[in-house]
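Please read the structure below before turning to the comments.
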Amino acid sequence: MMHAYLIQSINLFASVLLLLSFAMLSQRRILTVIHLFTLQGATLVAATVVVAYVTNQHHLYYSAAITLVTKVIVIPILLHRLIDRLNVKWDVETLINIPTTMLIGILLVVFAFNLALPIAKLSSSIAHSTLGIALACVLLSFMMMITRAKAVPQVIGFLSMENGLFFAATSATYGMPMVVEFGIAFDVLVGVFILGVFMFQIREQFDSLDIRHLEKLKED
Amino acid sequence: MEYLLLVLAIPLLGGFVLALCGHRDCAPEVNVGVSLCTLIAAGFLTSRIIDGGPMVVLDDQFFVDPLNVFLIALTAFVGFTTSVFSRPYMRVERDHGKMTPKRMRLYHSMYQMFNFTMLVALSTNNLGILWVAMEAATLTTVLLVSVYRTAASLEAAWKYFILCGVGIAQALFGTILLYLAADKVIGAGGGALLWTNLDAVKGQLEPNVMALAFVFLLLGYGTKVGLVPVHNWLPDAHAEGPTPISAVLSGLLLNVALYAVLRCKVLTDGALHNHLAGNLMIGFGLLSVVAAAFFLSRQKDVKRMFAYSSIEHMGLMTFAFGLGGPVANFAGLLHMTVHSLIKSAIFFAVGHATQSAGTQLMEKIRGLIKVNPMVGWGMLLGTLAILGMPPFGVFASEFLILTTAMRDLPWATPFLLLALGVAFASIFSRVQEMVFGDTDLKPLEHPPAILPVFAHLGLGLMLGLYIPPYLLGWYQQAAKMIAG
């Protein structure tokens, strides 16, 4: 009985992740986007812990701990400090208006579920629909990167994509081997650090973080 | 085993040492020394593999076989010659005020770290670590692309980071799917991402999952190979970064990414028993060759033009490996070797040429041969070699690829010939104008590094005329491995 509830709760966390991806896509305020990203990380940690408990895979607890430290604590702190120092709390501009973005997002979810269907059937893992949701999160974050004109939301889109991938790994295969997860977490942290350095360089050069300045090198 | 550890440890330690002293005057020499030690260790490792056959070491996490040992040797060699080239090149950049001591330190440290990540990617047995190392290779070079802090270089680095990051995320999803397929056959316990384990059971992997996994892996690693239509980062990153970085990106990183695709292709072929993976690679390869040839005919910047030429050649290799079979695989491996030798030689010559002209615009570079005959000749010979003139090695490999294509895939041959023709006409006419004619260029303040250019061209020439028997055997073994 307890077990069934827990499996249901994994599905619940999965849908919360998807909902948060949509929320990020529709959100205009940069600070809220960071809060949503933190919340998404926390949901991911909760989902990982439940999967670890249900399947009795101890290494997933470590993986949850890594996610907690990087995605819920360190990266949001870095992002907050970054926007404090760069003083960019203005509203996010999108390249496509938000209702259209949401509609395209729904199509992406349908596409992701269809793509994941044959695999979900094969997978013996606890929750069948989670792989589709994970893929949908990845595609939605991808879309967030495409539709945002400022550098910081693009980076959050990138990180949120990593969240989706992490959830795919947890739900479909009970996590990657430990050494790989450490490697991925290390790469993500270094990546965020480099992006931070980078944003200061961009602002120094252009006096703005609008990536539309970064469209000079065209194919001639 | 000790040799492999040395090959990995030397550049890592070198990176840390140079992070401390990379701004000193002696740093370029230290950089050359570290690269030389790596090359020597790689040489010992290679001779050990030739004598003793493949080895799996360190808890099965690393392995060396005929396929990756030749790439390790090539990476160490080009890493060394590029460090020799970067000594005078970066000195001139510093004198021109483009490099501050802080930037020099970053450059030297990250140069070694970049070599380290590529050597890890090549020698690891774990497909997850392969992914981590490929991502780390992007991270080490992204700040080098933007090191001059110009608007164009920042844009190039941002594109490089974001596009390669998104690409490599697709590859991670592919790796997860691969793990899902393998988990069923091998079972839990951490061994399910080890390539040697996967290779042993590849016939039993679930075909549907493997097909989808390969699509994601090809798109992901293909972004780093520079396949059209996911190539956009490549010309910018090559054109805006310092030239030694362009040389190692073109000569080495693209090869390592293609190597990752090949490893995945072997597994997919084994699981699917059809030609899906090969057909996908043929499609992307052919598209890259044709599109790059037309893009490069419109370039004005010399480094961008040769970057597009790299896309063209990577496309040709992908096409060859897609065809499969012993001859095409052999030709693909040979092309990988000669392309990375010749293309880095061209970038060395181009680097010195742009420094003495003070610009990368081709119309401003004239009469190289009068100001600096050796650089001019190096550029001319390198261009002839990369365009497939006999007797250089590129001719041999392109000839093999074209004849195999005529036999197996006749409709593709006219496209390949057309693309090679367009590339020849547009590159050769421009290089000829740059090398000959009247000049107002200034000679370089530091004597240019001529030795690396001609060492690479000499090796490229040798591979066109005569492949030593042990090298031939080694290529054949590797070609057989890729064929499954």
Side-chain angles (χ1 to χ4, degrees), chain A residues 57 59 115-116 118-119 121-125 131 134-135 138 141-142 145-146 151 154-155 157-158 161-162 164-166 168-170 172-188 190-191 193-195 197-199 201-202 204-206 211 213-217 219-220, chain B residues 61 126-129 131-136 138-140 142-143 146 149-159 161-162 165-166 168-170 172-173 175-177 179-184 188-194 206 208-209 212-213 232 235-236 239-240 295 298-301 304 308:
Chain A
Q57 300 269 342
H59 75 273
L115 198 63
I119 301 167
K121 272 186 197 147
L122 295 164
S123 129
S124 60
S125 62
L131 193 65
L135 190 56
V138 173
S141 321
F142 190 34
M145 292 178 70
I146 295 171
Q154 269 209 337
V155 170
F158 180 71
M161 189 145 110
E162 212 84 48
L165 288 168
F166 224 82
T170 313
T173 62
Y174 307 145
M176 304 288 265
M178 221 43 225
V179 46
V180 179
E181 288 203 4
F182 270 120
I184 295 172
F186 178 71
D187 273 357
V188 171
V190 175
F193 181 72
I194 289 179
L195 279 168
V197 174
F198 216 63
M199 277 184 223
Q201 295 182 1
I202 292 179
E204 196 181 311
Q205 181 71 36
F206 301 107
I211 50 159
H213 291 297
L214 301 182
E215 282 171 7
K216 299 272 162 15
L217 294 173
E219 319 274 352
D220 331 89
Chain B
Q61 292 295 324
N126 188 323
L127 290 174
I129 301 291
W131 184 89
V132 172
M134 287 299 298
E135 170 74 2
T138 312
L139 295 177
T140 51
V142 68
L143 287 179
S146 71
R149 305 277 173 89
T150 57
S153 71
L154 280 173
E155 177 185 345
W158 180 259
K159 259 193 193 169
F161 189 98
I162 293 291
V166 170
I168 209 95
Q170 312 301 316
L172 180 59
F173 193 71
T175 311
I176 292 169
L177 289 175
Y179 188 55
L180 175 71
D183 209 25
K184 290 219 172 26
L193 268 182
L194 297 183
E206 168 58 44
N208 282 326
V209 182
L212 194 60
N232 288 38
D236 298 346
E240 301 306 329
F295 278 134
R298 291 157 57 191
Q299 300 307 315
K300 298 188 181 77
D301 179 319
R304 276 181 89 84
Y308 275 107

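Letters go in sequence order (proteins before strands), and every chain restarts at 1. Predicted, not measured: the structure shown is a model, and the values here were computed from it. Every heavy atom of this structure was used, including side-chain atoms; hydrogens, water molecules and symmetry mates were not.
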Which bit of A:Leu115 is near chain B, if near means a heavy-atom gap under 4.5 Å: side chain, backbone, both or neither? both

Is any side-chain heavy atom of A:Val180 less than 4.5 Å from a side-chain heavy atom of B:Trp131? no

What distance separates B:Leu154 CG from A:Met199 CE, expressed to the nearest 0.5 Å? 12.5 Å

Atom pair CH2/CD of B:Trp158 and A:Gln154 - distance to nearest 0.5 Å: 5.5 Å

Rounded to the nearest 0.5 Å, how far apart are CG of B:Leu180 and CG of A:Leu131? 7.0 Å

Please state whether the side chain, the backbone, both or neither of B:Phe161 comes within less than 4.5 Å of a heavy atom of chain A. side chain

A side-chain contact here means heavy atoms from C-beta on lying under 4.5 Å apart; do B:Val132 and A:Phe186 qualify? no

Where A:Leu165 and B:Ile176 come nearest, the two heavy atoms and their spacing: O-CD1, 3.3 Å

If we define contacts as heavy-atom pairs under 4.5 Å, which of B:Leu212, B:Asp301, B:Ile129 has the most with chain A? B:Leu212

Applying a strict 4.5 Å limit to non-hydrogen atoms, the region of A:Met161 in contact with chain B is side chain

Identify, with sequence neighbours excluded, every residue that meets side-chain contact (heavy atoms from CB on, under 4.5 Å) alongside B:Ala157. A:Phe198, B:Val142, B:Val145, B:Ser146

To the closest 0.5 Å, what do you measure between CD1 (A:Ile146) and CD1 (B:Ile162)? 11.5 Å

Out of B:Ala169, B:Gly165, B:Gly128, B:Ala151, which one racks up the most heavy-atom pairs below 4.5 Å with chain A? B:Ala151

Selection from B:Ala239, B:Ala136, B:Ala181 maximising heavy-atom pairs under 4.5 Å formed with chain A: B:Ala136

Please classify the contact between B:Thr138 and chain A as side chain, backbone, both or neither, with a heavy-atom cut-off of under 4.5 Å. neither

Flag the pair B:Leu172 / A:Glu162 as yes when at least one side-chain heavy-atom distance between them is below 4.5 Å, and no otherwise. yes

Shortest non-hydrogen contact between A:Pro177 and B:Leu193, atoms and distance: CD-CD1, 3.8 Å

Heavy-atom proximity to chain A below 4.5 Å, by part of B:Leu127: neither

What's the shortest heavy-atom distance between B:Leu139 and A:Gly191, and which atoms? CD2-CA, 3.7 Å

Heavy atoms of B:Leu143 and A:Gln201 approach each other most closely as CD2-NE2, 4.3 Å

How would you list, by chain and number, every residue that makes a ring pair (Phe, Tyr, Trp, His ring centres under 6.0 Å) with A:Phe142, sequence neighbours excluded? none

